[in-house]
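Notes follow once the structure below has been shown.
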Amino acid sequence: MLHGFKSFRNSVNHVRHLRNRICTRGLTNKHCETSIKNGVGILKFDTPGSKVNALNEEFSYDCKEAFEELRDNPEVKSMVFISGKPDCFIAGADINMLAACETKEEIMKLSKGGQEFMQQMEDCKKPVVAAISGSCMGGGLEIALACHYRVALDTKKTSLALPEVMLGLLPGSGGTQRLPPLIGLPNALPMMLTGAGKNAKQAKKLGLVDLVIKSLGPGVKDPKTLSHDYLESCATDVARQLADGTLKKPKRTKSGIKGLSHNLPLNNKMLRNYVFKQATKEVMKKTHGLYPAPLKIIDSVKNGLESPSTGYARECENFGDLAMTDESRALQSIFFGKQACEKNHFGKPERMPQNMAVLGAGLMGAGIATVSLDKFPKVILKDVSDTALSKGEDMVRDVFQKKVKRKKMSQFDCDKLMSSLQSEVDYSNFKDVDIVIEAVFEDINLKHRIIKEVEAATPEHCIFASNTSALPISDLAKASVRPENFIGMHYFSPVDKMPLLEIITTDQTSKETTAAAVEVGLKQKKTVIVVKDGPGFYTTRVIGALMGEAFACIQEGTSPTDLDKLFVKFGWPVGGATLVDEYFLEVFGERISAGDPRVIEELVESGCLGRKSGKGIFLYRSSTKGGARPVNPVAQKIMDRYKKEGQVAPSGEDVQWRTYMRSVNEAALCLQEEIIANPVDGNIGLIFGIGHCPQRGGPFQFLDTYGAQAFVDKMRAYEDSLGFRFEPAQIVIDYANSGKKFMSG
């Protein structure tokens, strides 16, 4: 018996020994751990306490230490780089690290360090495999590019991108040098110039990844964990086969027709120069030279192809230059601001709304339903007739079908969501609704009647939110018997595309209602700002000042077509006259505080209400494709009637600065009057709500960059010639006198 026990014990020890030979734990530091499985070194990075892995100095040091430990271990024949987070490979560089740098030299040091580490990986004699799942962005993709083989898991979360251009930067760790030879110049430039991501299958088609692994369904573990484990297993097998020679490293040279389109621009100088010329032309057309990053990306790629020995140095130099520009600082400020506005600063609500009803099946109501259907267990769309509901359902379905066409959604999921939408013509199914969002016509009497009807049909805790863009929430709440549950939720059109949600509170709105409304917005994937009630709230009020000055310029002789061109060249996403048409004149007219008010009155009376009516300052015909829209002759006649006689049209520069300065000053007044809580909300509200010249970072980032005193001086100069509407906000004067910065707190 004793002999049998000893034999059993020896057998167990032998199995343990074999298991240790198969999988041996190695180095562990804060961000990384290594292990060895049958000669394959597994480097797993997983930043503790964070949803993402981000490249900062500490992460990079730990990763480099782990890599060198595996590289120098004679037992390791090949390696796998994999994240411990299924939804994130590496999300890119930690922007805080870049923001903390004060000199170009500090930035270049970071870039050079990244380049050197990537080169170590590429030069490694042992095959290195990247196992990609989730977001693989920026520096994360640059790490993957330095690997010898890339395996990607096919999930909705997997996306490969170089989005540095969105921060006014370029890929600074070798991305501009490695990507073009890998996937070809015509494919690489758009990826870097737009920051657009590729899913696993798209990346495989481009040659960006070598193998795509299908995700698994449910089993012993949840599907996400199972799929991630399967990715690691497949990547380990690939690494082992690369090491023993049963799998060869992929040939990066292309052949056939695809080879011609891939190789010719890389190797033929004339064709290469043509590609760069066209890319530069397209960049200038879209940015008007206001964003330096795209041009620096083109320069870095061009230099690398023409002079490979200096390519990395040029990339590093350009990276340092860009990081010091006002444009990059502005775009980084937007990045941080957006992050701040994607948190609920009012805390988690005690009762999170589960069941939602949307009143009005028009453009806005259908849009709100669209962004809510897959987020809430029950969504009701209500209107007064089946005909109206049918039109609303068609609008919702159209959004989903476009996603199906782009392969962002399956037809099954589309049909499932549409079947979950409850369409109603009465309130009979409102008994368990937690939040009602009203999106009916801008008629206060109509809204008052609806408020009473809804409150009679819903439970005591139900929140009533109005999507009004201009009517004071306090006035609407007068019809409510539960004013503590009353709030404004101002969405922007089209709701499925515009990211901002402006929430408006009154003095009676409870904190619980505010917290719940914010949570609803965040669940709908919106960027949320909370503002106080007041004439025009925040965004509408600023739009009123902006459009007012635009109208004043028109009355002084600037043509609508010229106004559009001047706005776009200054950095607005659309022209000034087009912006007027985008918003409803009958709603915004009373908020336009410059020029002759009779112009607005007559435009409204004549039915020139903007894009929604098919005619405003411009004519909107379904047959008009491309090119400039024709000016509406009825609107032109009205504007000519009130044109100031003998007035010399303002210069293009004056038009640009007058309109922009008025909008910035109105934003400052809103901060002064505590309509907005802080400058960050002010920047994000205008950037994501109306596209307020992103390269300047929003009104308060602009004030810090331009200088508060310089702003006051320019406003005073305009005030002398154009009147009191250019009186600078007192808060800006105070900041100018004290030397304080709006964005430093």
Side-chain angles (χ1 to χ4, degrees), residues 31-32 43 45 47 52-68 71 79 81 83 88-101 104-124 128 130 132 135-148 150 160-183 188-189 191-193 195 197 208 293 296-301 303-305 308-324 328 332:
H31 297 276
C32 303
L43 193 162
F45 34 84
T47 299
V52 301
N53 299 309
L55 288 169
N56 55 33
E57 289 185 272
E58 184 181 64
F59 182 97
S60 299
Y61 178 85
D62 284 359
C63 197
K64 185 171 182 287
E65 180 185 44
F67 166 74
E68 290 175 349
R71 181 196 62 189
M79 293 180 237
F81 272 46
S83 170
C88 178
F89 183 73
I90 296 175
D94 184 347
I95 308 304
N96 288 292
M97 175 180 66
L98 300 177
C101 294
K104 174 182 173 180
E105 287 69 30
E106 289 179 89
I107 293 288
M108 289 180 65
K109 184 179 178 182
L110 293 175
S111 173
K112 191 167 181 59
Q115 289 180 348
E116 289 173 349
F117 176 45
M118 309 303 168
Q119 196 61 51
Q120 275 186 287
M121 292 174 59
E122 187 177 281
D123 292 343
C124 182
V128 183
I132 301 165
S135 53
C136 178
M137 306 286 188
L141 181 52
E142 288 179 295
I143 282 181
L145 288 172
C147 294
H148 305 121
R150 287 163 288 281
L160 294 82
L162 292 173
E164 288 86 350
V165 70
M166 296 178 182
L167 295 173
L169 299 167
L170 54 72
S173 295
T176 66
Q177 307 303 298
R178 289 192 177 91
L179 189 63
L182 180 67
I183 66 173
L189 282 176
M191 272 193 74
M192 290 184 280
L193 294 175
L208 188 54
K296 289 285 190 182
I297 288 171
I298 292 172
D299 176 71
S300 299
V301 174
N303 182 269
L305 293 176
S309 62
T310 62
Y312 287 93
R314 179 68 68 88
E315 178 188 85
C316 181
E317 182 82 19
N318 284 340
F319 187 77
D321 287 337
L322 287 172
M324 292 293 105
S328 181
Q332 288 179 47

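Everything numeric in this text was worked out from a predicted model, so none of it was measured. Note: hydrogens, waters and symmetry copies are ignored here, and every other heavy atom, side chains too, is used.
For the residue pair Gly138 and Pro163, the shortest heavy atom distance occurs at N-CD, 3.4 Å. Ala130 approaches Cys147 most closely through the heavy-atom pair CB-SG, 3.8 Å. When all heavy atoms of Cys124 and Met79 are compared, the closest pair comes out as SG-CE, 3.6 Å. The minimum heavy-atom distance between Ala323 and Ser328, with the atom names listed, is CA-OG, 4.1 Å. Contact record, Ile95 with Gln332: CG2-OE1, 3.7 Å, taken as the closest heavy-atom pair.
By the side chain to side chain donor-acceptor pair (under 3.5 Å) test, Asp321 is found to be paired with Lys104, residues two or more places apart in sequence or in another chain being considered. With sequence neighbours left out, Asp62 forms a salt bridge (charged side-chain N to carboxylate O under 4.0 Å, His left out) with no residue at all. For Arg314, the salt bridge (charged side-chain N to carboxylate O under 4.0 Å, His left out) partners at least two apart in sequence or on another chain are Asp299. With sequence neighbours excluded, the residues satisfying salt bridge (charged side-chain N to carboxylate O under 4.0 Å, His left out) with Glu58 are Lys30. Judged as a salt bridge (charged side-chain N to carboxylate O under 4.0 Å, His left out), and not counting sequence neighbours, Glu106 has no contacts. Every residue meeting the side chain to side chain donor-acceptor pair (under 3.5 Å) condition with Glu315, not counting sequence neighbours, appears here in chain and number order: Gln115, Thr176.
Rounding to the nearest 0.5 Å gives a distance of 7.0 Å between CG of Asn56 and OG1 of Thr47. Glu142 contributes atom CD, which lies 5.5 Å from atom CD of Glu164 (distance to the nearest 0.5 angstrom). The structure places CD of Gln177 at 10.5 Å from CD of Gln119, a figure rounded to the nearest 0.5 Å. If you take CZ on Phe67 and CD1 on Ile143, they are separated by 10.5 Å, rounding to the nearest 0.5 Å. Going from atom CE of Met191 over to atom CG of Leu141 covers 5.5 Å, rounded to the nearest 0.5 Å. Distance SG/Cys63 to CG/Asn53: 9.5 Å, rounded to 0.5 Å.
No side-chain heavy atom of Asn303 sits less than 4.5 Å from a side-chain heavy atom of Glu317. Within the 4.5 Å cutoff, the side chain of Ile90 has heavy atoms near those of the Phe59 side chain. Using a 4.5 Å heavy-atom threshold, the side chains of Pro180 and Met192 count as touching.
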query = Given Lys64 and Glu68, is the salt bridge (charged side-chain N to carboxylate O under 4.0 Å, His left out) satisfied, shown in steps?
reply = CA-CA 6 Å; Lys64 185 171 182 287; Glu68 290 175 349; 2.8 Å; yes

Verdict with reasoning, Val52 to Met137, per side-chain contact (heavy atoms from CB on, under 4.5 Å) = CA-CA 11 Å; Val52 301; Met137 306 286 188; over 6 Å; no

inquiry  = Before you tell me yes or no, could you show the steps for Phe319 and Leu98 under side-chain contact (heavy atoms from CB on, under 4.5 Å), namely the whole-Å CA-CA distance, both residues' side-chain angles and the distance that decides it to 0.1 Å?
reply    = CA-CA 11 Å; Phe319 187 77; Leu98 300 177; 4.2 Å; yes

request  = Tell me, with the steps shown, if Leu193 and Val165 meet side-chain contact (heavy atoms from CB on, under 4.5 Å).
outcome  = CA-CA 6 Å; Leu193 294 175; Val165 70; 5.7 Å; no

request  = Could you please spell out the steps behind the side-chain contact (heavy atoms from CB on, under 4.5 Å) verdict for Met324 and Ile107?
outcome  = CA-CA 9 Å; Met324 292 293 105; Ile107 293 288; 3.9 Å; yes

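Ser173 contributes no side-chain N or O that, together with a main-chain N or O of Gly139, makes up a donor-acceptor pair within less than 3.5 Å. Remark: the backbone N or O of Lys296 is paired with a side-chain donor or acceptor of Ser300 at under 3.5 angstrom.
Crowding of Glu57 atom CD: a count of heavy atoms from other residues, nucleotides or ligands under 6.0 Å not exceeding 12.
Here the options are Ile297, Leu167, Leu170, the test is side chain to side chain contact (heavy atoms under 4.5 Å, CB included), and the partner is Leu322; only Leu170 passes.
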